[in-house]
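All remarks here apply to the structure that follows.
Letters go in sequence order (proteins before strands), and every chain restarts at 1. Every value quoted in this text rests on a predicted model; they were computed, and no experiment measured them.
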Amino acid sequence: ADIISTVEFNHSGELLATGDKGGRVVIFQQEPENKSQLQCRGEYNVYSTFQSHEPEFDYLKSLEIEEKINKIRWLPQKNAAQFLLSTNDKTIKLWKISERDKRPEGYNLKEEDGRYRDPSTVTTLRVPVFRPMDLMVEASPRRVFANAHTYHINSISVNSDYETYLSADDLRVNLWHLEITDRSFNIVDIKPANMEELTEVITAAEFHPNQCNTFVYSSSKGTIRLCDMRESALCDKHSKLFEEPEDPSNRSFFSEIISSISDVKFSHNGRYMMTRDYLSVKIWDLNMESRPVETYQVHEYLRSKLCSLYENDCIFDKFECCWNGSDSVVMTGSYNNFFRMFDRGQKKDVTLEASRESSKPRAVLKPRKVCAGGKRKKDEISVDSLDFNKKILHTAWHPQENIIAVATTNNLYIFQDKLN
Amino acid sequence: MEFKVEAHRIMSISLGKIYNSRVQRGGIKLHKNLLVSLVLRSARQVYLNDYYQSVCLNAQQHWGQHQEVMDSDQPKSTSEPAGYTTPAAPAETTVHEPGLPAENTPPELTIDVESFTESHATAPTVEEVAEADYTESKEDKGSGSDCRRQQSSEPKGDAAPASSPAAIPMTEHLVPAKQIGPKGEEEKPQHDEGGYGEADADRGGDGDMVTETQLDNQPAASCSRKRRSSEKTPQPVSPVKKTKRAPSSTRTGEEEMDTANVSNLITIFGSSFSGLLSTDGTQTEAGGRDSGAGQICCDQVLKNLNPWTTVIVAF
């Protein structure tokens with residue numbers, strides 16, 4: 001139940017939220033920069049922990065609904081409180097996280113412990129005053145958006161209008177208003193009339209960062225569709241279809257599985273989008289549908305091992321990907337607690353490891369290398385000795401700084417670049 | 001041959017995954033099961049192609065033996081080869097066609113029919129065989145092309161020189177194994193006719209073309225083996241499902257495998273496999289989309305399997 005299932009920085013980067021398989025959300029807060037310690041920025045400490053979702057049972061279908069948090073998305077801050085959306089397979093909840101560091105004291109009619117005073121004993125009047133107290137972070141559910149999805153929710157995305165958001169399951173995408181919980185609009189429906197004719201499902205969806213009418217959704221067939229909500233109420237017909245023709249030389253039993261897109265993310269400037277399939281990361285220019293502008297191989301050495309990965313279910317792992325604040329570097333996870341960063345400008349890439357054994361705190365991470373075959377050099381790791389149970393599926397990059405959060409199965413690692 | 005083992009293994013694993021997904025917490029994951037079913041379909045295709053290729057190779061080896069037997073037993077047929085060679089040529093080309101699943105009914109078949117009907121009248125033993133196939137093809141409620149192919153298959157067997165080249169392309173092509181089954185029938189046409197009539201009826205077009213080449217090869221051993229296997233498995237008659245024989249062939253292969261749990265699953269899935277194959281055949285003949293074939297495959301699987309119907313209802 002401690003398995004981390006999602007990681008997300010808020011818009012300022014001060015808060016970092018993680019969701020786990022047990023339905024809990026843990027929020028970390030960055031400590032204010034310490035003037036004396038100039039080497040590093042503030043550390044992240046636990047700020048709030050709350051149970052977001054509980055396991056449920058659908059009596060109608062005799063199905064258990066997992067409480068695992070699939071996605072967390074922060075809302076931009078409008079007042080002192082923070083808001084985030086968290087979702088499991090079926091229900092989305094809007095949580096308000098607020099601080100309380102004062103409390104009123106000196107009521108006339110109530111004792112300090114809450115008991116009511118006998119009115120006859122009140123002889124004087126006083127004005128209650130706020131007195132400081134230990135900081136308390138409260139999380140309260142403000143909205144519950146339920147019963148809109150027949151299939152498992154895989155994505156939520158807040159619109160740039162900050163009023164609406166979308167939620168996507170395997171076959172449908174719904175549009176919600178943050179204030180309205182009893183209604184949602186269905187904007188994409190790819191469910192065939194005959195379920196037995198099903199060939200593809202929706203795997204991820206996201207709103208454009210600037211254009212509130214545009215969103216994309218990716219499919220299990222490796223295609224991405226861009227839709228414009230101004231065109232029609234139901235966006236079944238896409239405005240753009242991004243698809244790269246398959247390389248026939250790489251055809252195998254598992255070609256279809258590894259082409260399934262597990263994550264799609266717009267760049268911060270809104271000009272590009274990145275997709276993650278099993279073996280690669282692709283960067284697409286929104287103006288070119290025929291093929292990606294950049295392709296980065298994450299762990300090409302696994303291509304010959306697809307059969308074993310199919311057997312142990314690893315081939316179904318859904319890796320996420322993320323951009324850095326300036327859209328110059330992209331990052332994604334791999335196995336053996338490795339994660340990869342690709343510098344788009346400098347055409348460099350690096351493999352790093354997130355583990356306690358391999359590096360001490362505050363030590364610079366050493367780049368790793370996987371040896372695909374042949375002679376294994378010193379410090380290289382052979383493909384066969386990779387631990388496929390240690391996978392990094394979720395990563396997040398601070399929106400402004402070079403601080404990254406990397407989630408291994410049970411642990412969260414926060415790295416930052418070295419400040420000189 | 002390694003492909004067959006590998007494909008079978010993948011099929012077993014896929015079935016296991018589908019089976020396990022039903023008891024997983026959180027309900028059945030549509031995405032994962034869709035991917036698994038795609039893999040299952042690909043593996044099944046490769047498995048059957050490879051399997052029947054190997055059977056055809058066996059057939060090729062034995063065809064020489066049978067050729068001698070045929071010549072000695074059917075003196076009259078020796079006069080036919082000349083007449084048959086010409087139809088054998090177009091028949092040869094037609095062999096290519098059904099081998100490629102995506103091909104439609106080749107136009108040469110009509111020529112074969114006309115030339116072969118005469119031949120059937122003259123060759124008694126061949127006629128017996130022809131009868132067997134002909135009645136079976138009559139029972140086949142499939143397309144008329146099936147009948148044509150059935151008839152065209154007989155003389156091909158007698159055309160010795162022409163047949164071997166036909167046999168060769170046969171091995172190259174993807175032909176469902178069960179179609180080889182009827183070959184055995186042709187060897188013992190009369191009494192087996194009844195038993196195989198159903199199967200042939202189920203078989204359909206592709207099967208007919210296989211019988212054509214099979215006659216060339218005359219794999220006595222393999223055919224009898226096929227016949228036994230098909231006799232073993234009682235198959236529900238369904239005129240729509242043409243390639244009913246698949247499960248028997250696949251089952252003989254599967255019985256050799258060691259996966260106990262999965263073999264149980266496979267017997268459960270057996271009838272649905274035939275359904276899968278038949279729909280593949282019908283889809284490909286119709287020039288259907290690959291996705292359509294796969295969908296209908298899932299279709300058949302899902303219709304035939306109780307747990308799956310529950311799943312579909314659930315969805």
Side-chain angles (χ1 to χ4, degrees), chain A residues 21 55-58 60-68 70 88-90 150-154 169-172 190-192 194-204 218-221 251-262 278 306-313 315-318, chain B residues 3 5-7 9-14 16-17 20-47 275-276 279 283 288-305 308-315:
Chain A
K21 207 161 166 241
E56 285 172 46
F57 195 80
D58 182 342
L60 206 56
K61 295 181 189 170
S62 293
L63 287 177
E64 200 180 352
I65 299 170
E66 268 193 295
E67 67 275 28
K68 174 169 75 92
N70 292 333
N88 69 347
D89 282 340
K90 298 284 184 186
T150 314
Y151 305 95
H152 298 312
I153 297 175
N154 53 53
D169 66 21
D170 290 321
L171 297 177
R172 298 195 178 95
I190 64 166
K191 184 177 177 184
N194 185 0
M195 265 303 272
E196 292 155 351
E197 292 167 2
L198 183 70
T199 53
E200 66 179 328
V201 295
I202 298 171
T203 52
S218 61
S219 83
S220 56
K221 275 191 173 169
R251 195 99 181 82
S252 75
F253 283 130
F254 310 105
S255 302
E256 283 145 334
I257 300 189
I258 61 169
S259 66
S260 174
I261 293 175
S262 53
Y278 190 65
L306 292 178
C307 195
S308 336
L309 294 166
Y310 178 72
E311 280 180 64
N312 61 16
D313 270 359
I315 207 172
F316 301 105
D317 287 335
K318 298 197 177 153
Chain B
F3 290 131
V5 173
E6 183 68 13
R9 198 169 68 89
I10 290 175
M11 269 165 34
S12 315
I13 295 165
S14 306
K17 284 191 200 299
N20 288 331
S21 73
R22 297 164 55 215
V23 299
Q24 263 172 12
R25 194 166 170 253
I28 298 164
K29 294 182 177 32
L30 185 62
H31 184 204
K32 183 176 172 186
N33 282 285
L34 181 69
L35 296 176
V36 170
S37 68
L38 292 174
V39 171
L40 183 62
R41 188 163 54 91
S42 315
R44 182 181 49 79
Q45 253 180 348
V46 169
Y47 175 78
L276 285 169
T279 43
Q283 279 299 96
R289 300 174 295 279
D290 278 346
S291 59
Q295 290 155 4
I296 304 290
C297 286
C298 293
D299 220 351
Q300 295 289 4
V301 178
L302 297 167
K303 277 175 185 162
N304 294 332
L305 303 168
W308 271 112
T309 50
T310 321
V311 170
I312 289 299
V313 166
F315 274 127

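Within the 4.5 Å cutoff, the side chain of A:Leu171 has heavy atoms near those of the B:Leu30 side chain. Put simply, the side chain of B:Lys29 does not reach to within 4.5 Å of the side chain of A:Asp89, judged on heavy atoms. Contact annotation: the side chain of A:Glu311 approaches that of B:Arg9 to within less than 4.5 Å [non-hydrogen atoms, C-beta and beyond]. For the pair A:Ile315/B:Leu35, no side-chain contact is recorded, criterion being any heavy-atom separation below 4.5 Å from C-beta on.
The contact between A:Thr203 and chain B is made entirely by side chain atoms (from C-beta outward), counting heavy-atom distances below 4.5 Å. Both the backbone and the side chain of B:Val36 come within less than 4.5 Å of a heavy atom of chain A. When heavy atoms are compared at a cutoff of 4.5 Å, A:Asp169 does not approach chain B at all. With a 4.5 angstrom heavy-atom cutoff, A:Glu200 touches chain B only via backbone atoms.
Rounded to the nearest 0.5 angstrom, B:Leu38 CG and A:Ser260 OG are separated by 10.0 Å. A:Glu67 contributes atom CD, which lies 4.5 Å from atom CZ of B:Arg25 (distance to the nearest 0.5 angstrom). Atoms OG and NE2, from A:Ser219 and B:His31 in turn, are 8.0 Å apart once rounded to the nearest 0.5 Å.
Between A:Leu63 and B:Gly27, the closest heavy-atom pair is CD2-CA, 3.7 Å. For the residue pair B:Ser42 and A:Glu256, the shortest heavy atom distance occurs at OG-OE1, 4.0 Å. Residue B:Val39 comes nearest to A:Phe253 through the heavy atom pair CG2-O, 3.9 Å, listed as atom of the first residue, atom of the second, then distance. Taking every heavy atom of both residues into account, A:Val201 and B:Leu34 meet most closely at CG1-CD2, 4.0 Å.
Side chain of B:Lys17 to backbone of A:Tyr310: a donor-acceptor contact under 3.5 angstrom is found.
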